[in-house]
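Here the structure is laid out as structure tokens; the discussion comes afterwards.
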Protein chains: 2
Amino acid sequence: MDIPRYRKIQNMLKSKIQQGSYGVGDHLPSENQLCSIFNITRTTARKALEELQKEGFIERIKGKGSIVRERRKSLGLLNVKGFSEAVGRNVSTIFLQEPALRPWITGFPFPLTDSERQSPCIHFERLRTVGEDPVMLENNWFSGKTLPGFLQSGFEEDSFFKTLSKKYMIEIKGSEQELKALPANEKVSRLLKVKPSGPVLQISIRFTTCNPEFFIYSELICNTMKYPIGNRYFL
Amino acid sequence: MDIPRYRKIQNMLKSKIQQGSYGVGDHLPSENQLCSIFNITRTTARKALEELQKEGFIERIKGKGSIVRERRKSLGLLNVKGFSEAVGRNVSTIFLQEPALRPWITGFPFPLTDSERQSPCIHFERLRTVGEDPVMLENNWFSGKTLPGFLQSGFEEDSFFKTLSKKYMIEIKGSEQELKALPANEKVSRLLKVKPSGPVLQISIRFTTCNPEFFIYSELICNTMKYPIGNRYFL
DNA sequence: AAAACATACTTGTACGTACAAGTTATTTGA
DNA sequence: TCAAATAACTTGTACGTACAAGTATGTTTT
């Protein structure tokens with residue numbers, strides 16, 4: 001395998017948390033326990049737990065242990081993996097514009113690189129709903145040259161980021177975001193069911209990937225009245 | 001000293017970046033160079049660089065090195081230390097309500113602990129401006145019992161968080177945030193100079209500290225038209 | 001009964017070593 | 001001349017060790 005050991009243990013513990021085997025407030029196995037369970041050194045066990053801490057699943061307290069934190073109900077900002085796994089199962093997605101080659105829009109909040117500007121981009125637009133409530137209007141753009149065959153084949157498991165990972169081995173390494181509260185225009189007002197010029201939250205994101213030349217640009221417009229955006233941050 | 005070695009090196013490199021000794025795109029000393037410069041092991045050097053990466057100052061690329069990232073112009077969300085150091089020097093702060101003992105407000109987005117509810121809180125309200133533009137209305141609440149003498153003495157270096165650190169040895173360990181786009185009420189409209197019921201961004205934060213019983217609650221209401229809120233995230 | 005101490009846990013810091021794997025520049029060979 | 005191999009860097013993973021420091025639970029002492 002080329003997946004590192006610490007990451008396997010991290011993922012294994014993560015799914016146990018997500019499945020409820022470890023509930024909020026529960027102690028994960030201590031570093032030394034993980035060592036003997038998995039036959040690893042403390043360095044590796046620590047790395048796995050530190051990653052879970054970065055992701056906000058656990059809190060680590062000196063002298064006590066690694067404790068499962070309360071999970072957020074609201075959509076996760078900064079959770080790199082999109083939001084289908086963050087919010088639950090009653091989420092549906094409608095394509096307003098299927099993926100296609102289109103020119104870059106003007107006035108994007110992040111500067112494009114020269115090589116990006118030279119050719120058109122792939123773009124698609126989706127509307128995300130939770131139950132009956134439209135919650136988020138999502139636009140995605142990226143260079144049309146980097147992902148051959150993307151337009152021909154569909155998404156893996158309906159997830160854009162999983163498709164990137166499985167078909168193209170592209171992993172998200174980070175993101176820059178810009179947040180603005182804006183009045184909804186006619187289209188947004190209609191789609192998100194907010195009153196005209198009612199406040200919506202616009203999140204402009206530039207995702208950086210393991211390919212340093214390849215970026216993904218997203219614009220999310222959110223109706224935060226029912227579903228506020230949440231996030232966590234831990235040292 | 002009880003400040004760990006890696007943190008000293010981290011802070012030393014951070015201030016060099018902030019002062020411009022290392023510009024955007026520059027390479028920081030490699031792990032092995034840091035080892036010989038400071039007489040430390042690679043474990044310690046790595047820890048310092050990993051922390052800088054978490055804070056968003058550098059990017060670390062296998063085979064290449066640790067490279068200084070572009071700095072954001074906009075206010076840093078998630079930058080634990082408040083924003084006086086993030087945005088520059090032309091920032092001024094006006095107290096609308098000086099720190100005083102007041103009852104907890106109702107309808108706070110985060111649940112209070114039992115011990116917090118039992119006694120009133122310390123609260124203050126500030127208006128932050130950049131140049132001539134009012135940018136952020138800030139309210140802070142925290143338990144009145146934990147910080148003896150807080151109301152009698154002023155802030156250290158005009159910074160709330162520096163006061164917590166220097167006088168009370170309280171360090172911020174993390175935060176939970178909730179973001180909402182809202183219509184401005186009369187007060188907000190007047191103070192932030194946005195039109196009535198114009199969109200503003202409300203950020204509700206619960207800071208966790210090294211004292212597991214002590215939380216700081218903040219509510220920021222931002223005029224994001226001129227100064228959007230930005231943040232970064234890196235694995 | 002209450003305080004002090006001891007013990008056995010936990011995570012945090014720091015040392016040292018080894019090899020894997022990506023990047024870049026140089027050298028070698030056809 | 002050009003391509004392949006090499007060397008010299010970089011960060012990533014993983015091993016092992018040691019001690020510091022915080023927490024909890026006893027046990028002893030007062």
Side-chain angles (χ1 to χ4, degrees), chain A residues 1-11 13 22 25-54 57-69 169-171 173-174 208-214 234-235, chain B residues 1-11 13 22 25-54 57-69 169-171 173-174 208-214 234-235:
Chain A
M1 290 287 195
D2 54 346
I3 297 172
R5 287 189 149 191
Y6 77 85
R7 195 163 289 280
K8 285 185 196 165
I9 289 152
Q10 169 194 352
N11 289 336
L13 292 170
Y22 295 110
D26 285 0
H27 283 66
L28 256 47
S30 75
E31 296 174 358
N32 285 319
Q33 284 171 330
L34 289 176
C35 291
S36 45
I37 292 171
F38 295 105
N39 251 295
I40 54 177
T41 52
R42 232 190 105 203
T43 316
T44 309
R46 275 184 72 76
K47 182 79 177 166
L49 293 170
E50 279 165 0
E51 291 294 313
L52 286 172
Q53 183 180 31
K54 268 202 226 176
F57 285 96
I58 61 170
E59 197 169 359
R60 282 160 66 64
I61 302 174
K62 190 201 271 197
K64 285 191 175 174
S66 300
I67 298 157
V68 176
R69 289 191 48 85
M169 314 246 282
I170 286 177
E171 299 292 339
K173 296 208 79 170
T208 55
T209 69
C210 54
N211 176 346
E213 307 292 324
F214 184 65
F234 286 98
L235 247 55
Chain B
M1 289 290 193
D2 55 342
I3 297 171
R5 287 188 152 194
Y6 76 85
R7 196 162 287 280
K8 285 184 195 168
I9 288 152
Q10 169 195 352
N11 289 335
L13 291 170
Y22 295 111
D26 285 359
H27 282 66
L28 254 48
S30 76
E31 296 174 356
N32 284 319
Q33 283 172 331
L34 289 176
C35 291
S36 44
I37 292 171
F38 295 106
N39 253 294
I40 53 177
T41 52
R42 232 188 105 205
T43 317
T44 310
R46 276 185 71 78
K47 182 79 176 164
L49 292 170
E50 279 164 0
E51 291 293 315
L52 286 172
Q53 183 180 30
K54 269 202 224 173
F57 285 97
I58 62 171
E59 197 169 359
R60 281 159 65 67
I61 303 175
K62 189 202 267 198
K64 284 189 175 175
S66 300
I67 297 158
V68 176
R69 291 192 45 86
M169 316 246 281
I170 287 177
E171 300 291 337
K173 297 208 79 168
T208 56
T209 69
C210 53
N211 177 346
E213 308 291 326
F214 183 63
F234 287 96
L235 251 55

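Below, chain A is the first sequence line, B the second, and so on; all start at residue 1. Side chains are part of it too, since the values below use all heavy atoms of this structure and drop only hydrogens, waters and symmetry mates.
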Check: Less than 4.0 Å between a side-chain N and a carboxylate O, is that true for A:Lys47 and A:Glu50?
Finding: no

Check: Can A:Arg60 and A:Glu31 be counted as an ion pair, charged N to O under 4.0 angstrom?
Finding: yes

Check: side-chain contact (heavy atoms from CB on, under 4.5 Å) with A:Tyr22: which of A:Ile58, A:Val68, A:Ile67?
Finding: A:Val68

Using a cut-off of strictly less than 4.0 Å, decide whether [X] has a side-chain nitrogen or oxygen near OP1 or OP2 of [N].
| X | N | value |
| --- | --- | --- |
| A:Lys64 | D:dA24 | yes |
| B:Ser30 | D:dT10 | yes |
| A:Tyr6 | D:dT13 | yes |

Next item on the list: Measure the CG-CD1 distance between A:Asn32 and A:Ile37 for me, rounded to the nearest 0.5 Å.
Entry: 11.0 Å

Touch check for [X], heavy atoms < 4.0 angstrom, all strands: base, sugar-phosphate only, or nothing?
| X | value |
| --- | --- |
| B:Thr44 | sugar-phosphate |
| A:Leu49 | nothing |
| B:Arg42 | base |

Which whole-number value in Å describes the distance from [X] [atom1] to [N] [atom2]?
| X | N | atom1 | atom2 | value |
| --- | --- | --- | --- | --- |
| A:Lys62 | C:dT11 | NZ | C1' | 7 Å |
| B:Glu59 | D:dT11 | CD | P | 13 Å |
| A:Glu51 | D:dA14 | CD | C1' | 15 Å |

Next item on the list: Kindly point out which of C:dA14, C:dG12, C:dT10 is positioned nearest to the side chain of B:Arg5?
Entry: C:dA14

Item checked: Closest to side chain of A:Ser66, choosing from C:dT13, D:dA14, C:dT11 -> C:dT11

Note to self: For D:dG12, does the base pair up with any side-chain atom of A:Arg7 as donor and acceptor (N or O, under 3.5 Å, distance only)?
What the structure shows: no

Next item on the list: Nearest-nucleotide wise, let me know which of A:Arg46 and B:Ile40 is further upstream toward the 5' end of DNA chain C.
Entry: A:Arg46

